[in-house]
Amino acid sequence: MRARVSAVLLLASMAAPARAQDIEAPLGDERPPEATLLDEVEADRPAEPGRVTVSAGATFVGQYISRGIAFSDKPSLQPYLSVRVALPELAGGIVTDAGLFAGTWNSIQFTEPGLGQPSSGDLAGWYEADLYAGAAVELSDRWIVSAAYYRYESPGNSFRAYDDFELIVRFDDGEAWADLVPLPDFTLSPTLRLVQESNRPGRPDALYVQPSLTPSFSLSDAERPVRVSIPLVVGLSDEYYDGIDGGQQTFGFFRTGLIFAANPFGGQASALELNGGFDLWLLNERVANGLDNAELVGRAGVSWSF
């Protein structure tokens with residue numbers, strides 16, 4: 001078994017959104033960024049940036065919960081590294097931008113993982129090490145579609161390796177609210193995430209479905225505003241959620257919370273961002289998830305792009 005959060009990264013860099021169009025792996029799913037508008041990334045680069053962007057960061061979480069399942073009830077450090085390559089030559093017609101991405105994401109536990117999983121060998125405590133690669137396109141300046149392959153490994157021998165294939169579709173609705181909502185850079189960021197497992201040990205491969213909205217806005221129009229995000233996420237699946245009394249449950253969780261992100265620095269540190277907040281998980285009590293009916297989890301992170 002493995003921590004199964006997803007991450008498709010269309011040229012993004014943080015662990016929480018910084019602007020209306022910066023969109024992270026649904027907040028609280030403990031993953032690297034999944035999608036962002038390419039022109040926003042370009043705006044952050046130096047005058048002669050080239051086409052390659054490297055991002056690194058880490059998030060400290062009070063408890064590792066993935067898709068409504070417990071993987072550790074103690075704090076975890078979750079570092080990542082990603083490389084993104086812009087492909088502007090593919091733009092034309094309905095395709096307004098495109099790119100490739102690859103990276104790694106890790107979870108280092110400070111205690112035994114949840115659900116009776118082991119942690120052994122020379123790398124005990126290194127619960128999860130993920131490798132991923134994929135591609136993304138922006139359509140008509142509004143739709144972002146990304147697809148990725150994930151390989152999940154456990155250096156601490158907590159679970160046997162397996163794969164995921166993921167598709168994410170997101171709509172940039174920022175312009176629709178410009179004259180209606182008196183908040184700078186307000187957006188809802190409607191998103192649909194589909195993840196199909198492959199070769200998962202000991203159980204049928206599951207299809208995970210996650211619709212979400214993430215109301216977000218800036219606290220001011222200043223050069224370095226604080227970005228506020230309130231995720232509204234539902235987790236559904238055909239085989240992923242085992243029922244306490246047997247069988248499968250379709251509904252896994254509803255998650256919300258409050259995330260703040262800001263870049264308070266200038267000069268050489270202008271690409272450094274700090275973020276923090278909390279996630280509130282409201283869980284299906286009929287699912288064998290190793291959790292209470294409600295869980296409040298704090299988080300704090302840092303990211304850097306160059």
Side-chain angles (χ1 to χ4, degrees), residues 2-18 22-36 38 40-41 44-45 52-67 71-72 75-86 99-110 113 123 125-136 146-156 158-159 161 163-164 166 168 193 195 214 227 229 231 259 261-263 269 271-277 279 297-306:
R2 90 89 183 103
R4 335 189 15 254
V5 250
S6 57
V8 204
L9 211 150
L10 169 52
L11 313 180
S13 62
M14 271 79 70
D22 283 339
I23 299 171
E24 305 305 320
L27 300 171
D29 264 3
E30 317 306 339
R31 289 304 304 241
E34 66 179 22
T36 190
L38 278 70
E40 289 290 338
V41 173
D44 285 342
R45 294 177 180 173
V52 178
T53 301
V54 178
S55 297
T59 302
F60 182 83
V61 295
Q63 182 178 4
Y64 185 5
I65 300 175
S66 168
R67 297 182 188 173
F71 291 94
S72 175
S76 300
L77 181 66
Q78 298 171 336
Y80 72 89
L81 175 69
S82 67
V83 178
R84 303 174 307 278
V85 180
L100 301 175
F101 55 86
T104 179
W105 182 93
N106 302 266
S107 184
I108 300 169
Q109 316 291 76
F110 296 99
L123 299 174
W126 190 352
Y127 177 76
E128 182 177 351
D130 305 341
L131 297 173
Y132 58 90
S146 57
Y149 160 77
Y150 290 87
R151 178 66 174 178
Y152 297 88
E153 301 279 354
S154 178
S158 296
F159 58 86
D163 310 310
D164 267 357
E166 178 175 81
I168 291 180
R193 164 186 283 179
V195 184
T214 307
R227 186 75 185 159
S229 299
I259 305 296
N263 177 355
L272 189 67
E273 178 164 302
L274 305 178
N275 58 79
D279 303 310
V297 181
R299 57 168 49 237
V302 62
S303 65
W304 182 47
S305 297
F306 57 94

(request) Heavy atoms only: give me the nearest Ile108-Trp126 pair and the separation to one decimal. (result) CG1-CD1, 4.3 Å

(message) Let me confirm one number: the CD-CG distance from Glu153 to Asn106, rounded to the nearest 0.5 Å.
(response) 11.5 Å

(message) Using every non-hydrogen atom in the two residues, find where Asn263 and Ala271 come nearest and quote the distance to one decimal.
(response) ND2-N, 4.0 Å

(request) Could you pull out all residues at least two apart from Ser76 that satisfy side chain to side chain contact (heavy atoms under 4.5 Å, CB included)? (result) Val61, Tyr64, Ser72, Gln78, Ser107, Gln109

(message) Would you compute the distance between atom OH of Tyr152 and atom CG of Asp130 and round it to the nearest 0.5 angstrom?
(response) 5.5 Å

(request) For Val302 and Asn275, work out which heavy atoms get closest and say how close. (result) N-ND2, 4.1 Å

(request) Please check if any side-chain donor atom of Ser82 sits under 3.5 Å from a side-chain acceptor atom of Arg84, or the reverse. (result) yes

(request) State, with a plain yes or no, whether a side-chain heavy atom of Asp279 is found less than 4.5 Å away from one of Arg299. (result) yes

(message) To check you understand the geometry: which heavy-atom pair defines the closest contact between Ala135 and Leu100, and what is its length?
(response) CB-CD2, 3.6 Å

(message) Quick check: closest heavy atoms across Thr214 and Ser229, and the distance to 0.1 Å?
(response) CG2-CB, 4.1 Å

(message) What verdict does the side chain to side chain contact (heavy atoms under 4.5 Å, CB included) test give for Gln63 and Ile65, after you've listed the backbone C-alpha separation in whole Å, the side-chain angles of each residue and the deciding distance to 0.1 Å?
(response) CA-CA 6 Å; Gln63 182 178 4; Ile65 300 175; 4.1 Å; yes

(request) Kindly write out the residues that satisfy side chain to side chain contact (heavy atoms under 4.5 Å, CB included) with Ala300, not counting sequence neighbours, or none if the list is empty. (result) none

(message) Ignoring hydrogens, what is the shortest heavy-atom contact between Tyr149 and Asp163? Give both atom names and the distance.
(response) OH-OD1, 2.9 Å

(request) Verify, without hydrogens or angle tests, whether Ser154 (side chain) and Tyr127 (backbone) share a donor-acceptor contact under 3.5 angstrom. (result) yes

(request) Mind checking the CD-CZ spacing from Glu273 to Arg227? Nearest 0.5 Å is all I need. (result) 10.5 Å

(request) Could you pull out all residues at least two apart from Ala133 that satisfy side chain to side chain contact (heavy atoms under 4.5 Å, CB included)? (result) Ala102

